[in-house]
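Each remark here refers to the structure printed beneath this line.
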Amino acid sequence: YLPIANKNGILSNSIIELLPHQFLAAHKVVTSESRRFLLADEVGLGKTFEAGIIIRELYSRGEADRVLIITPAGLVEQWQEDMVKFDMDYTIYRSGMETAIKDFWNKMNTVITSIDTIKQEGNLETLFKGNDWDVVVVDEAHHLTRKDYGQKADKSDRYVVGEKLKDRTKSLLFLTATPHQGDRNKFYNLVNLLDKELFDNDFDLFQNREKLGNLMIRQRKIDVTDENGNPIFVKRIVNTLNHSMS
């Protein structure tokens, strides 16, 4: 039993096969008071579908009428297609659309755009003329980078987008299979966009890593099973083979 609503059978009737770990991740987010999470499953475990379940469930509760999805440019159409599988229709925003459609950011309640489109100064300015969002999803969120050098901070334009959006939504989801990337300070700054109170600094994060469980969900292929508890991915067996060099 998975205690998550399935209004009108939308999830069970989905044309995609949804897996237990995706429902469990979605349930943790939906039942959380903060709903600000880093979905960091390993590659291939369906973080997009987890986001789809979360949005669909919040929509059924009347808590996801306005949703903004921000992705790398090459994934915009793929996200649009995946959301159709959850019976959700999204408009793709491209530069200049607010000219063709007056008051675009208030009229369009479900929008997908690329991070490199929305980070442009004019586009970002028009975005914030619209109302707040119920849910904001950022895919490949590790591209939101900030590196601190003493009292100075080197922020990417993409990070600025996250920084400005974080207070304009109740539910904020960052998706990435590589959240850390070997740089503790950048990772701290990414986490800080979700919850600025969780850690004092990157050293605090290093010393109290267990607190990451408050906002990060990371599932591994080795642990994933089907609904009957059978492993989905074949476990790797490593053996050492000795041979003589010629």
Side-chain angles (χ1 to χ4, degrees), residues 25-26 29-30 32 34-40 47-145 155-176 190-195 215:
V29 173
V30 170
S32 166
S34 68
R35 293 182 189 158
R36 302 172 78 85
F37 276 85
L38 177 61
L39 301 182
K47 291 181 290 297
T48 302
F49 295 154
E50 289 175 4
I53 298 170
I54 292 165
I55 295 168
R56 186 73 221 184
E57 167 62 9
L58 292 177
Y59 178 79
S60 73
R61 299 180 180 199
E63 298 178 41
D65 293 323
R66 281 180 56 79
V67 181
L68 174 64
I69 299 173
I70 301 174
T71 81
L75 298 178
V76 169
E77 284 79 12
Q78 183 62 54
W79 266 90
Q80 186 184 45
E81 293 173 10
D82 286 340
M83 292 303 99
V84 168
K85 296 170 185 176
F86 289 93
D87 196 30
M88 294 184 289
D89 184 27
Y90 281 75
T91 300
I92 294 176
Y93 169 79
R94 295 184 172 88
S95 296
M97 289 186 71
E98 65 273 18
T99 302
I101 303 176
K102 189 176 179 181
D103 200 21
F104 176 90
W105 290 110
N106 282 321
K107 286 183 177 178
M108 301 300 171
N109 289 323
T110 50
V111 181
I112 299 173
T113 188
S114 80
I115 184 68
D116 289 328
T117 295
I118 206 61
K119 76 178 186 181
Q120 297 174 31
E121 186 174 345
N123 294 340
L124 196 58
E125 183 180 330
T126 59
L127 167 64
F128 287 107
K129 290 180 180 178
N131 296 323
D132 288 353
W133 300 90
D134 296 318
V135 183
V136 172
V137 178
V138 181
D139 194 12
E140 301 295 336
H142 58 273
H143 292 306
L144 309 183
T145 58
K155 302 178 186 178
S156 68
D157 291 341
R158 296 170 180 177
Y159 188 89
V160 172
V161 173
E163 200 171 37
K164 291 187 175 182
L165 271 173
K166 67 183 177 65
D167 296 324
R168 299 291 300 271
T169 180
K170 173 175 173 53
S171 302
L172 180 60
L173 303 177
F174 286 171
L175 279 58
T176 174
L190 179 64
V191 169
N192 205 40
L193 290 176
L194 293 167
D195 186 347
L215 56 72

Do Tyr59 and Asp134 have side chains that get closer than 4.5 Å, going by heavy atoms?
no

Determine the minimum heavy-atom distance between Lys47 and Leu175, stating which atoms define it.
O-CD2, 3.6 Å

Give the minimum heavy-atom separation between Tyr93 and Thr113, together with the two atoms involved.
O-OG1, 3.2 Å

Run the side-chain contact (heavy atoms from CB on, under 4.5 Å) test against Asn131 and tell me which residues pass, sequence neighbours left out.
Arg66, Asn106

Please check: side-chain N/O of Thr145 versus main-chain N/O of Ser156, any donor-acceptor pairing under 3.5 Å?
no

Using only atom types and a distance under 3.5 Å, with no angle test, would you say the side chain of Arg168 pairs donor to acceptor with the backbone of Val136?
no

Does the side chain of Leu127 reach to within under 4.5 Å of the side chain of Leu165, using non-hydrogen atoms?
yes

Who pairs with Ser171 by side-chain contact (heavy atoms from CB on, under 4.5 Å), at least two apart in sequence or on another chain?
Arg35, Leu58, Val135

Evaluation steps, side chain to side chain contact (heavy atoms under 4.5 Å, CB included), between Val76 and Thr117:
CA-CA 11 Å; Val76 169; Thr117 295; over 6 Å; no

Taking all atoms of both residues into account, what is the closest heavy-atom pair of Ile53 and Ala26, and its distance?
CG2-CB, 3.6 Å

Residue set satisfying salt bridge (Lys or Arg N to Asp or Glu O under 4.0 Å) with Lys166, at least two apart, ordered chain then number -> none

What's the shortest heavy-atom distance between Leu190 and Ala141, and which atoms?
CD1-O, 3.5 Å

Atom pair OH/OG1 of Tyr90 and Thr110 - distance to nearest 0.5 Å
6.0 Å

Name all residues meeting the side-chain contact (heavy atoms from CB on, under 4.5 Å) criterion together with His143; count only those two or more places apart in sequence or in a different chain, and write none if there are none.
Glu140, Arg158

Heavy atoms, side chains only, cut-off 4.5 Å: are Phe174 and Leu194 in contact?
yes

How far apart are the closest heavy atoms of Ser114 and Ile70, and which atoms are they?
C-CG2, 4.2 Å

Can you list the residues that meet the side-chain contact (heavy atoms from CB on, under 4.5 Å) rule with Gln80, with sequence neighbours excluded?
Ile92, Ile112

Interatomic distance, CG@Leu144 vs CG@Asp157, rounded to 0.5 Å, equals 11.5 Å

Please work out which of the three classes, parallel, tilted or perpendicular, describes the rings of Trp133 and Trp105, given edges at 30° and 60°.
perpendicular

Going through the distances and angles, do Met83 and Val67 end up as a side chain to side chain contact (heavy atoms under 4.5 Å, CB included)?
CA-CA 12 Å; Met83 292 303 99; Val67 181; over 6 Å; no

Going by salt bridge (Lys or Arg N to Asp or Glu O under 4.0 Å), name the residues that satisfy it together with Lys155, two or more places apart in sequence or in a different chain.
Glu163

Beyond-backbone contact of Leu38 with Thr176, side-chain heavy atoms, under 4.5 angstrom
yes

Val138 side chain near Val161 side chain, heavy-atom distance below 4.5 Å
no

Considering all heavy atoms, the nearest Ile115-Pro72 contact:
CG2-CA, 4.4 Å

Does the pair Glu57 and Arg61 meet the rule for a salt bridge (Lys or Arg N to Asp or Glu O under 4.0 Å), with working shown?
CA-CA 7 Å; Glu57 167 62 9; Arg61 299 180 180 199; 2.6 Å; yes

